Number of protein chains: 2
Amino acid sequence: MAGRSALNRGAYVEAALEVIAQVGVDKLSMRNVASRLRVSPMAMYKHFPTKDDLLAASLEEFIARANVVPDTTLPWEQWVEHAAAGMYEALCRELSWVPLLGSLRVGEQAITVTEAFVARLREAGFTVEQALQAYFAVIQVVVGAVCLRSSLDARPTAEPGSSGEDSRTAKTDNRSLQAADSIPGELRSFLKRDQIAIGLPLIIDALRVKLEEART
Amino acid sequence: MAGRSALNRGAYVEAALEVIAQVGVDKLSMRNVASRLRVSPMAMYKHFPTKDDLLAASLEEFIARANVVPDTTLPWEQWVEHAAAGMYEALCRELSWVPLLGSLRVGEQAITVTEAFVARLREAGFTVEQALQAYFAVIQVVVGAVCLRSSLDARPTAEPGSSGEDSRTAKTDNRSLQAADSIPGELRSFLKRDQIAIGLPLIIDALRVKLEEART
DNA sequence: ACCTGAACACCGTTCAAGT
DNA sequence: ACCTGAACACCGTTCAAGT
């Protein structure tokens, strides 16, 4: 009874993140977020003029909570590996964010991460140019790794919660890699490797060479 | 009047690719593909039990038509750059494929590309292991590049064609990078660079070093 | 075999109205 | 200021039926 009404942005974002954790970003709807708060779907449109606005705010919070910036004083290679692993794991936990990464607004939290990354690499001796290239190369490899990884495991499929089963998805659950047995064995075992261990080491190797070249 | 009926899979895939070219993968619907062929939406379910099946078949055809494997006898670095550029450009033309790359079945065409890639690198002196790592690293960087690029330009938004304006998307057209002016200038100009030119050179550098190490 | 119509259970969003 | 109900124009998919 104490001040339950007058919901603010934070409450909606919180509810959105809960919905996402349970059913994935792609099945989040204005209606199911609202019903979790026992509120009319229309109530949200005062705070978020569009579903994309709600998603952008939720992504900001998701990035903030993922907490991918290592605060230790590791050597730069390990610092980068650590940060990349953090991003990779966070995105793997919520695969459904990936498609939206490019299409939502670049927010405060994303910029904070960028700046931390660049600062650490500058400290290690890279130029601003090089540090930015390194940062985006790492992001590319992380996003790519998550995209490819997603072909290997189905969605979590937590229990539907309240309303009836979603008849729309029932049929598509055991999709993906149906054609797997026609893939050459070596390719298959490669697909099963931790995807982040494929591209990232190459990026770091190249950066190390660049740094050594600059030192001589 | 000459054999227009008895539509086969190919006709549906063709129509799907036309719809995708006009409005993007994400707005493809069973209904709009069917109506393009002046057929009931239900007619498709005999050939494609699920929308995902239609999309998988269309992606196969898209990959085949993209024709990313260079048949010239370029040095391996340029061969890889050429192939990566082909993938990047094809995906940029149809950004909306990206989210589905991981979630649809791995098909015949995708495997053909993989094999061509591995064969070319083997020829250049890499081991199978290295060639596969190189291939997936390149794919990761390409997919990542496309994902990040998508934050910079809006969808093509071809004219709506037949039925009324889609009121659902009207509001979200000028999304993306709203917060751009709060991003440090250097970061902004970096985002405007050709994304494929960020990660790929680092990957190729690393591969070159690997090859030279093996030669000595 | 291939296609149809009607129906079900969903969407995002608008609009006029309530407190 | 914040919330509501009803409505609009869409979805994917099922089912019973037609030829």
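Below, chain A is the first sequence line, B the second, and so on; all start at residue 1. The structure displayed is predicted, hence computed values, not measured ones. Below, each value reflects all heavy atoms present in this structure, side chains not excepted, and no hydrogens, waters or symmetry copies.
Residue-level contact check: Lys46(A) touches the bases, meaning some heavy atom is under 4.0 Å from a base atom. Backbone-only contact: Leu28(B) has heavy atoms under 4.0 Å from sugar-phosphate atoms and none from a base. Residue Met42(B) is classed as a base contact, given a heavy-atom separation below 4.0 Å to a base.
If you measure from atom CG of Leu37(B) to atom P of dC3(C), you get 10 Å, rounded to the nearest angstrom. Rounded to a whole Å, the CE atom of Met30(B) is 13 Å from the P atom of dC3(C). Taking atom CE of Met44(B) as the reference point, atom C1' of dT14(D) lies 15 Å away to the nearest angstrom. The CG atom of Asn32(B) sits 14 Å away from the C1' atom of dA9(D) (whole-angstrom rounding). The nearest whole Å value for the distance from the CG atom in Asn8(B) to the C1' atom in dA1(C) is 13 Å. The distance from atom CG of Asp53(B) to atom P of dG12(D) is 14 Å, rounded to the nearest whole Å. Summarising the geometry, the separation between CG on Asp26(B) and P on dC10(D) is reported as 17 Å, rounded to the nearest angstrom. Protein atom NZ of Lys27(B) is 13 Å distant from nucleotide atom P of dG12(D), rounded to whole Å.
Note that NE2 of His47(A) is 5.0 Å distant from OH of Tyr12(A), once rounded to the nearest 0.5 Å. Distance check, rounded to the nearest 0.5 Å: CD1 of Ile198(B) to OH of Tyr135(A) gives 11.5 Å.
Neither OP1 nor OP2 of dT14(C) sits under 4.0 Å from any side-chain N or O of Tyr45(A). For the OP1/OP2 pair of dC10(D) and a distance below 4.0 Å, the side-chain nitrogens and oxygens of Ser29(B) include no atom meeting the criterion. A sub-4.0 Å separation between OP1 or OP2 of dT13(C) and a side-chain N or O of Thr50(A) is present.
When distances are taken from the side chain of Val39(B) to each of dG12(C), dT4(C), dT13(D), the shortest belongs to dT4(C). Nearest nucleotide to the Lys51(B) side chain, out of dG12(D), dT13(C), dT4(D): dG12(D).
Between Asn32(A) and Ser35(A), the side chains place no donor N or O within less than 3.5 Å of an acceptor N or O (distance only, hydrogens not considered).
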Could you walk me through whether Arg65(A) and Glu14(A) pass salt bridge (charged side-chain N to carboxylate O under 4.0 Å, His left out), step by step?
-> CA-CA 12 Å; Arg65(A) 291 186 190 179; Glu14(A) 182 65 43; 2.9 Å; yes

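DNA chain D is contacted by both Ala43(A) and Arg31(A); Ala43(A) maps to the nucleotide lying nearer its 5′ end (nearest heavy atom per residue).
Judged by Watson-Crick or G-U wobble contacts below 3.5 Å, the nucleotide dT19(C) has dA1(D) as its partner. Using N1 to N3 plus N6-O4 or O6-N4 for Watson-Crick, or N1-O2 and O6-N3 for G-U wobble, each under 3.5 Å, dA6(C) pairs with dT14(D).
Note: Phe117(B) and Trp79(B) have perpendicular aromatic rings, judged against thresholds of 30 and 60 degrees for the angle between ring planes.
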